[in-house]
Amino acid sequence: MSKNTLPSRSEDFNAWYNTLVVRADLADYGPARGTMIVKPYGWTLWENMQQALDKRFKATGHLNAGFPMFIPKSFIDRETSHVEGFSPELAVVTIGGGKQLEEPLIVRPTSETIIGHTYSKWIKSYRDLPLLINLWNSVVRWELRTKLFLRTLEFWWQEGHTAHATYDEAEQETLQMLEVYRDFARNEAAIDPFFGRKSDSEKFPGADVTYSIEAMMGDKKALQAGTSHNLGQNFAKAFDIQYLDKKNEMQYCWTTSWGLSTRFIGAMIMTHGDDYGLILPPRLAPFQVIIIPIYRDADQKASVLESVDNLNRLLIDNDIRVKIDDREELTPGHKFHYWELRGVPLRIEVGPKDVVNKSVVVARRDIVGKLGKQVVSTDSVVKSVSNLLVEIQEALLKRATNFRDSNTHEPDDYKHFQEIVSEGFALAWWCGDASCEIAIKNETKATSRCIPVSSSEGNKGTCIYCDKDAIEKAYFAKAY
RNA sequence: CGGGGUGUAGCGCAGUUGGUAGCGCACCGCGUUUGGGACGCGGGGGUCCGCGGUUCGAGUCCGCGCACCCCGACCA
């Protein structure tokens, strides 16, 4: 029993996470510092996320495209705050084919600049708008401190880039995609994030406004899990993205960008996982059901495997992602732990007794042990499994949301605020002044996460730090 | 870049006063097992992070590097 156990989640969350990511076959360390190898099991999870997101992007009128990973270095210099934000973390290529390049190339840290360059060529008329494109790619940012999925030198993501005729359209797009992320998080990943506008110091370099979804992890720290930016006309002006309007007058476009990355996998791990390992939401899990055959002798083996095959086919026919673990060298008990570590939502045990009784044992990953087990007749197994997958999905969302809410509080005063953010989220009146934000960070390590839309509900208050008038509330928390 | 820690088999570790490298898990073979991490027997696998020094002899002592991890700084 005491073999191969994970570090305790409650005692050492960090060690738990690092060990789990590797042991559950999601990812591994690459040979270069700070790089990540996403293993097939982790990549399948990412593919399922991609499908769920891509469906939503298509439904809102976007098309995918592929853009170069090499960008002329001069591009990054065109937008003032963009260059200031990204210069420290650029990977720069100076040699190609053995020769010094005339102009260095940067490995894309994000594609706003090359998109800007391209859109200025593509967009001539109001009839070309809106232009709605998404990219699935990887980007490189030379981070000092790395952690698998949460912050690596290279990571995989999608970046949407749109151009519009008016500010209102751009703002509407920005908020629409924020809502897409929120909906994805809630309904696919069973994570209900807070969402809102970023403070000036936390926003994307080059954006007028950044919105984000912010999720609470199992250690009560915040994770920015997706961002959507209204870029105003900053990139349009830097890259000359102009169109002729109906009155034959030149106008600058209004652009947006929005991204969600493999970091979100970290969010799922840290939201749902427990001491036994991952707990994956059924809608995204690479395998929704793992079937474990159990038998003693050759006769039993034959009948059990036949029964398992039938069950497997039945589930596949009903679009359930299922896998049989028929490895002969491992005992059933070992396989139970193996797949619990990997977070498969449902386990079906099929043994000699089940064959005789025309039944199977179904065990829930989110309720480990006998409490989560039930005997289901073969006739109704598809219905039971389908229902249970929905139930688990709902239970995970409910559990995570309860945890979030029971660790989020509105402070009465600054002392109270300090207590709250030492172990959770605070929703507090804030004057909007960066100096208060900085002081709070220095004194508590908590940063402003986002300012929920209509946070004030028309009321006014006083800043939790400086007592000056405040018209908005912001979430504050220690963050990844 | 500062503080701390660790480098010995795939992973986790032990290695005594310096004497020529071992344990558990994993892996391979055979057999018995299989409803919550099976067992027996046999087997394979090592530039002991690197370089230099001390010594008859270095995993061990000394010096200099390097890498990784943790905590800071930094981080759409």
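The sequence lines fix the lettering, A, B, ..., with proteins before strands; numbering per chain opens at 1.
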| message | Between B/rG5 and B/rC75, how far apart are the two P atoms, rounded to whole Å? | response | 28 Å

| query | Roughly how far apart, to the nearest Å, are B/rG57 and B/rG52 at atom P? | reply | 15 Å

| field | Distance, rounded to the nearest Å, where A/Tyr29 contributes OH and B/rC11 contributes P | value | 13 Å

| How would you list, by chain and number, every residue that makes a side chain to side chain contact (heavy atoms under 4.5 Å, CB included) with A/Ala477, sequence neighbours excluded? | A/Ala222, A/Phe425, A/Arg449

| query | Which heavy atom of A/Val368 sits nearest a heavy atom of A/Glu340, and at what distance? | reply | CG1-OE2, 4.2 Å

| Length of the line joining A/Tyr17:OH and B/rC69:P, which is rounded to integer Å | 13 Å

| task | Find out whether the Lys NZ or Arg CZ of A/Arg108 is both under 6.0 angstrom from the six-membered ring centre of A/Phe67 and within 45° of the ring's axis. | result | no

| message | From CG of A/Leu148 over to C1' of B/rC69, roughly how many Å is that when rounded to an integer? | response | 12 Å

| field | Whole-Å P distance, B/rC39 and B/rG24 | value | 12 Å

Close N/O contacts between protein and nucleotides 73-76 of chain B (under 3.5 Å):
from   : atom 1 : to       : atom 2 : distance (Å)
B/rC75 : O2'    : A/Glu143 : OE1    : 3.4
B/rC75 : O2'    : A/Glu143 : OE2    : 3.4
B/rC75 : O2     : A/Arg151 : NE     : 2.7
B/rC75 : O2     : A/Arg151 : NH1    : 3.1
B/rC75 : O2     : A/Arg151 : NH2    : 2.7
B/rA76 : O3'    : A/Lys203 : O      : 3.0
B/rA76 : O3'    : A/Phe204 : N      : 2.9
B/rA76 : O3'    : A/Pro205 : N      : 3.3
B/rA76 : N9     : A/Arg141 : NH1    : 3.1
B/rA76 : N7     : A/Arg141 : NH1    : 2.2
B/rA76 : N7     : A/Arg141 : NH2    : 2.3
B/rA76 : N3     : A/Gln224 : NE2    : 3.2

| task | Identify which nucleotide among B/rC70, B/rG36, B/rG35 has an atom closest to any side-chain atom of A/Phe336, counting heavy atoms from C-beta outward. | result | B/rG36

| field | Nucleotide B/rC30, atom C1' - distance to CD of A/Glu329 in whole Å | value | 15 Å

| field | Whole-angstrom distance between B/rG7 and B/rG46, as gauged at atom C1' | value | 15 Å

| said: Could you tell me how far apart A/Tyr338 (OH) and B/rC25 (P) are, to the nearest whole angstrom? | reply: 19 Å

| request: For the side chain of A/Pro332, starting at C-beta, report the closest nucleotide among B/rU34, B/rA38, B/rC69. | output: B/rU34

| field | Residues A/His117, A/Phe239; criterion ring pair (Phe, Tyr, Trp, His ring centres under 6.0 Å); working and verdict | value | CA-CA 6 Å; A/His117 168 86; A/Phe239 287 90; 7.4 Å; no

| message | Say we look at B/rC11 and B/rC68: how far apart would their C1' atoms be, to the nearest angstrom? | response | 15 Å

| Starting at CD of A/Glu349 and ending at P of B/rG36, how long is that distance when rounded to a whole Å? | 8 Å

| Atom-pair distance (CG on A/Asp25; C1' on B/rA26), nearest Å | 13 Å

| task | List for me each residue that meets side-chain hydrogen bond (donor to acceptor under 3.5 Å, both in side chains) alongside A/Asp12, sequence neighbours excluded, and say none if there are none. | result | none

| query | B/rA38 phosphate, OP1 or OP2: any side-chain N/O from A/Thr331 under 4.0 angstrom? | reply | yes

| query | Does A/Glu179 have any side chain to side chain contact (heavy atoms under 4.5 Å, CB included) partners at least two apart in sequence or in another chain, and if so, which? | reply | A/Arg182, A/Asp183

| message | According to side-chain hydrogen bond (donor to acceptor under 3.5 Å, both in side chains), who are the partners of A/Ser81, at least two apart in sequence or on a separate chain? | response | A/Glu79

| Once you round it to whole Å, what is the distance between P of B/rA67 and CG of A/Leu153? | 14 Å

| What is the nucleic acid contact for A/Arg347, judged by heavy atoms within less than 4.0 Å: base, sugar-phosphate only, or nothing? | base

| Gap in Å between the two C1' atoms, one belonging to B/rA58 and one to B/rA21, rounded | 13 Å

| said: So A/Leu330, base contact, sugar-phosphate only, or nothing? Heavy-atom distance under 4.0 Å. | reply: base

| request: Determine the contact category for A/Asn18: base if any of its heavy atoms lies under 4.0 Å from a base atom, sugar-phosphate if only primed atoms, P, OP1 or OP2 are that close, otherwise nothing. | output: sugar-phosphate

| If we require ring centres under 5.5 Å and near-parallel planes under 30°, does A/His334 stack on B/rG37? | no

| field | 5' precedence on RNA chain B between A/Ala363 and A/Glu328 (nearest-nucleotide basis) | value | A/Glu328

| For A/Asp77, which residues count as a side chain to side chain contact (heavy atoms under 4.5 Å, CB included) partner, sequence neighbours excluded? | A/Lys73, A/Val83

| query | Which value, in whole Å, describes the distance between the P atoms of nucleotides B/rG15 and B/rG2? | reply | 31 Å

